[in-house]
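Here the structure comes first, spelled out in structure tokens, and everything after it is commentary.
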Amino acid sequence: MAFLMKSMLSNQVKNLGLGGGGEESKEESTPSDPAAAAGMTREEYEEYQKQVVEEKMERDAAFAQKKAERACLRVHLREKYRLPKSELDENQIQMAGDDVDLPEDLQKMVAEDQVEEEDKDSILGQLQNIQNMDMDAIKEKAQATFTEIKQAAEQKCSVM
């Protein structure tokens with residue numbers, strides 16, 4: 001009943017021109033087509049939407065690649081310092097694909113660190129470390145150790 005009364009009254013008000021018909025004119029003036037709202041033809045609008053989707057996919061792929069590179073760096077550091085592995089990093093690397101490598105700058109830094117560590121581990125590196133050692137401190141430490149061993153042996157052995 002209320003619907004019937006409303007429709008009858010609104011029709012009468014529209015006919016009088018008291019502003020009741022303004023709502024319908026606004027609805028009719030707004031196009032239902034998003035292409036027309038953007039001021040483009042249907043084909044232009046579809047092409048624009050394709051470009052937007054492609055750009056978003058490219059950004060997402062680049063972002064995933066960067067995340068995977070960072071995860072690869074963290075994995076490398078964990079291996080180097082013997083820290084526990086992270087499943088999150090491994091998942092990020094797998095999501096980006098197995099072709100993820102460290103960025104070139106980081107590869108150079110890692111290579112330099114490895115060269116320095118190899119030099120320290122080599123015989124020449126050990127010889128250089130010997131040159132840097134304080135020989136007087138080593139002699140004192142050796143003499144102190146020798147006297148401790150000699151005293152311990154005298155206490156245990158009745159012949160000495």
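The basis for the numbers below is simple: all heavy atoms, side chains too, and nothing from hydrogens, waters or symmetry mates. Since this is a predicted model, take the numbers as computed values, not measurements.
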Are there over 12 heavy-atom neighbours, none belonging to K108, within less than 6.0 Å of that residue's NZ?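 No, NZ of K108 has 12 or fewer neighbouring heavy atoms, counting only those of other groups under 6.0 Å.
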Count the heavy atoms of every other residue, nucleotide or ligand shown that sit under 6.0 Å from CD of E87, and state whether that count exceeds 12.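 12 or below, so no.
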So, taking the atom named CZ in R78 and the one named NZ in K85, what distance separates them when rounded to the nearest 0.5 Å?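 Going from the CZ atom of R78 to the NZ atom of K85 covers 11.0 Å.
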When rounded to the nearest 0.5 angstrom, what distance separates OG1 in T145 from NZ in K150?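 Interatomic distance, T145 OG1 to K150 NZ, rounded to 0.5 Å: 14.5 Å.
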Which residue, M57, E55, K56, K50, forms the side chain to side chain contact (heavy atoms under 4.5 Å, CB included) with V53?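 Exactly one candidate clears the test, M57.
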Result of checking E69, E79, Q92 against R74 for side chain to side chain contact (heavy atoms under 4.5 Å, CB included):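 Of E69, E79, Q92, side chain to side chain contact (heavy atoms under 4.5 Å, CB included) with R74 is met by Q92 alone.
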Answer yes or no: is there a side-chain heavy-atom contact under 4.5 Å between [X] and [Y]?
X    : Y    : value
Q143 : E148 : no
N91  : Q94  : yes
R70  : L73  : no
L77  : L83  : no
Q49  : Y45  : yes

Grab the two heavy atoms, one from A68 and one from I93, that are nearest each other, plus how far apart they are.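 Closest heavy-atom pair between A68 and I93: O-CG1, 3.9 Å.
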Stepwise side-chain contact (heavy atoms from CB on, under 4.5 Å) test for F63 and K67: CA-CA 6 Å; F63 181 69; K67 283 178 67 173; 3.2 Å; yes
